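A quick write-up on the structure given underneath.
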Amino acid sequence: MDWSRAKSVLIISFLLLNMLLGYQLWLDIRERLNANVDLSALPLEAAVKMQEKKIRLEASIPTDTPKLEDLTFRYTQKAGDGNKVELDIPVSSRIVFNKSELLEGMGDIIPDLELYGFDAYMSDSSSAVFYRLHNGLPMFDVRMKLYYSNQQIIAYQQNRVEIIPGDDEREGQAVLPAATVVAHLIDKYLQTGSVVTDIQLGYHGQIFNSDIQVSAPSWRVLLEDGSGYYVNAISAEVTQMKDNVLLD
């Protein structure tokens with residue numbers, strides 16, 4: 001018998017068996033973690049860590065990795081500088097969920113309303129939260145809030161900004177995949193029992209006492225308990241969320 005050849009066959013067989021068992025383990029983990037969310041983008045190590053820490057992922061993992069660069073802007077109105085603007089005539093709160101109805105009902109009241117997008121994850125029973133959009137992505141530091149009472153909008157508060165154009169010749173840099181960001185948070189930041197409810201790409205930066213502000217492409221990851229993280233989509237720097245958007 002050719003023992004050298006038999007040994008090679010056994011080694012290859014064991015490798016194939018390990019690969020098969022690893023794949024089956026991955027499928028089992030995916031099924032147990034959340035049957036409604038596609039976890040195929042996550043590395044196996046992250047999925048195993050999720051199971052060990054009893055972390056649940058209830059948000060879809062975005063797959064797009066657009067090329068983006070920092071966004072420069074200046075505030076033209078800071079909501080924190082004054083009180084809420086009370087409406088002379090309250091408006092039905094149901095229009096919040098329909099963009100065309102919202103523009104028709106309040107477009108003549110709130111300036112630049114068409115530039116803001118609704119964020120259901122940050123809204124609650126007393127207020128609706130909107131973010132200024134830039135090329136379809138939310139600027140997480142530029143917020144507008146509509147305040148409710150008795151199912152009617154009674155007041156609003158708004159940050160307004162002017163976008164400062166960048167270099168048109170710069171193409172930007174591909175952002176980190178959301179799966180990479182989530183895996184990093186699972187490994188280093190998320191506590192046992194955490195539940196991830198939303199993952200969204202936008203812009204975020206530290207707000208300075210300056211006329212000019214800069215926001216970096218960032219992934220926002222929200223948790224069920226109301227906390228969350230911003231992860232710089234280029235450098236992977238992680239910061240914990242806090243209310244720094246000049247609104248009460």
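Computed from a predicted model, the values in this text were never measured in an experiment.
A donor-acceptor pair under 3.5 Å links the side-chain atoms of Lys53 to the main chain of Leu190, judged by distance alone. A donor-acceptor distance shorter than 3.5 angstrom exists from the side chain of Ser93 to the backbone of Gln151, with no hydrogens or angles considered. Formation of a donor-acceptor pair under 3.5 Å by the Asp198 side chain with backbone atoms of Tyr121 is not found in this model.
The environment of CD in Gln152 is crowded: more than 12 heavy-atom neighbours from other residues, nucleotides or ligands sit within 6.0 Å. With a 6.0 Å radius and a threshold of 12 heavy atoms from other residues, nucleotides or ligands, Asp124 has its CG atom above the threshold. The environment of NZ in Lys99 is crowded: more than 12 heavy-atom neighbours from other residues, nucleotides or ligands sit within 6.0 Å. Environment of CD1 in Ile89: sparse, with no more than 12 heavy atoms of neighbouring residues, nucleotides or ligands closer than 6.0 Å. In this structure, Glu237 places its CD atom where only 12 or fewer heavy-atom neighbours from other residues, nucleotides or ligands lie under 6.0 Å away. Remark: Glu114 CD is packed, more than 12 non-hydrogen atoms of other residues, nucleotides or ligands lying under 6.0 Å away.
Side-chain heavy atoms closer than 4.5 Å link hydrophobic residues (I, L, V, M, F, W, Y) into clusters, and following such links, even through other members, never connects Val214 to Ile164.
The pair Arg220-Asp119 meets the salt-bridge criterion, with a side-chain N (NZ, NE, NH1 or NH2) lying under 4.0 Å from an Asp/Glu carboxylate O.
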How far apart are the C-alpha atoms of His184 and Tyr189, what are their side-chain angles, what is the distance that settles it, and do they pass the ring-ring contact (aromatic ring centres under 6.0 Å, His included) test? CA-CA 8 Å; His184 180 55; Tyr189 292 89; 5.6 Å; yes
When you look at Leu185 and Val221, which way does the side-chain contact (heavy atoms from CB on, under 4.5 Å) test go after all the steps? CA-CA 9 Å; Leu185 291 177; Val221 180; 3.6 Å; yes
For the pair Ile234 and Leu176, evaluate side-chain contact (heavy atoms from CB on, under 4.5 Å) and give the outcome as yes or no after the intermediate values. CA-CA 6 Å; Ile234 305 300; Leu176 291 170; over 6 Å; no
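Aromatic pair Tyr116/Phe118: ring centres not closer than 6.0 Å. Ring pair Tyr156/Tyr147: centre-to-centre distance not below 6.0 Å.
The aromatic rings of Tyr131 and Phe140 lie perpendicular to each other, with more than 60° between the two planes, well past the 30° mark.
Between Val96 and Leu146 the shortest side-chain heavy-atom distance falls below 4.5 Å.
When Arg160, Arg132, His134, Gln158 are each tested for a side chain to side chain contact (heavy atoms under 4.5 Å, CB included) with Val142, only one passes: Arg132.
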